[in-house]
S.K.: 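Sending over a structure as structure tokens; questions will come in a sec.
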Amino acid sequence: METKTEATPTMPKLWTRQEAADYLGVSAKTLANWASNGIGPPYLSLCGGSVRYDPETLSAWLQDQLQSTHG
């Protein structure tokens with residue numbers, strides 16, 4: 001009898017606000033200000049108020065920002 005094994009998808013590592021800020025070259029406070037003004041990259045708000053950023057979403061947001069300033 002053959003058993004079928006399915007690959008378990010791995011969750012991507014989510015970045016802290018500081019890691020996201022380092023990637024973007026801004027301060028964590030700037031990211032917090034952007035978030036409160038609704039103008040920054042999308043983020044996830046976890047239980048307890050922790051904020052996390054998906055690296056792929058952050059990269060896509062940055063590319064979009066670069067295209068709109070150079071387009």
Side-chain angles (χ1 to χ4, degrees):
M1 178 180 232
E2 198 173 310
T3 58
K4 183 179 177 184
T5 58
E6 294 183 29
T8 304
T10 57
M11 292 291 294
K13 180 187 183 307
L14 299 176
W15 289 351
T16 63
R17 181 168 276 152
Q18 185 61 59
E19 290 171 318
D22 291 344
Y23 174 76
L24 294 173
V26 299
S27 71
K29 185 173 181 174
T30 294
L31 268 184
N33 288 336
W34 287 351
S36 68
N37 290 315
I39 59 172
Y43 62 92
L44 302 166
S45 184
L46 306 177
C47 294
S50 295
V51 171
R52 295 291 184 268
Y53 293 83
D54 174 53
E56 288 184 23
T57 302
L58 195 60
S59 179
W61 178 85
L62 179 58
Q63 289 301 317
D64 185 56
Q65 298 305 304
L66 293 172
Q67 288 176 357
S68 52
T69 60
H70 294 290

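Index from 1, following the sequence.
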S.K.: Mind checking whether Leu58 and Leu44 sit in one hydrophobic cluster, side chains of I, L, V, M, F, W, Y counted as touching below 4.5 Å?
M.R.: no
S.K.: Using side-chain heavy atoms (C-beta onward) and a distance below 4.5 Å, is Tyr43 in contact with Leu31?
M.R.: no
S.K.: Side-chain contact test, heavy atoms from C-beta onward, threshold under 4.5 Å: evaluate it for Ser50 versus Thr16 and give yes or no.
M.R.: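 SC-SC contact between Ser50 and Thr16 ruled out.
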S.K.: For Ala28 versus Ala21, what's the shortest heavy-atom pair and its separation?
M.R.: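 Closest approach of Ala28 to Ala21: N-CB, 3.6 Å.
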S.K.: Could you pull out the closest heavy-atom pair between Pro55 and Leu14, with the gap in Å?
M.R.: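 For Pro55 and Leu14, the tightest heavy-atom pair comes out as CD-CA, 4.5 Å.
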S.K.: Which heavy-atom pair separates Trp61 from Pro42 by the least distance, and what is that distance?
M.R.: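 Closest approach of Trp61 to Pro42: CD1-CD, 3.9 Å.
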S.K.: Which residues pass the side chain to side chain donor-acceptor pair (under 3.5 Å) test with Lys29, not counting sequence neighbours?
M.R.: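 Result, side chain to side chain donor-acceptor pair (under 3.5 Å) vs Lys29: none returned.
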S.K.: What closest approach, in Å, do Ala20 and Trp15 show between heavy atoms, and which atom pair accounts for it?
M.R.: CA-CE3, 4.0 Å
S.K.: Can you list everything that forms a side chain to side chain donor-acceptor pair (under 3.5 Å) with Asp64? Sequence neighbours excluded, please.
M.R.: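 By the side chain to side chain donor-acceptor pair (under 3.5 Å) rule, Asp64 matches no residue at all.
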S.K.: Nearest 0.5 Å, please: how far is CG in Leu24 from OH in Tyr53?
M.R.: 8.5 Å
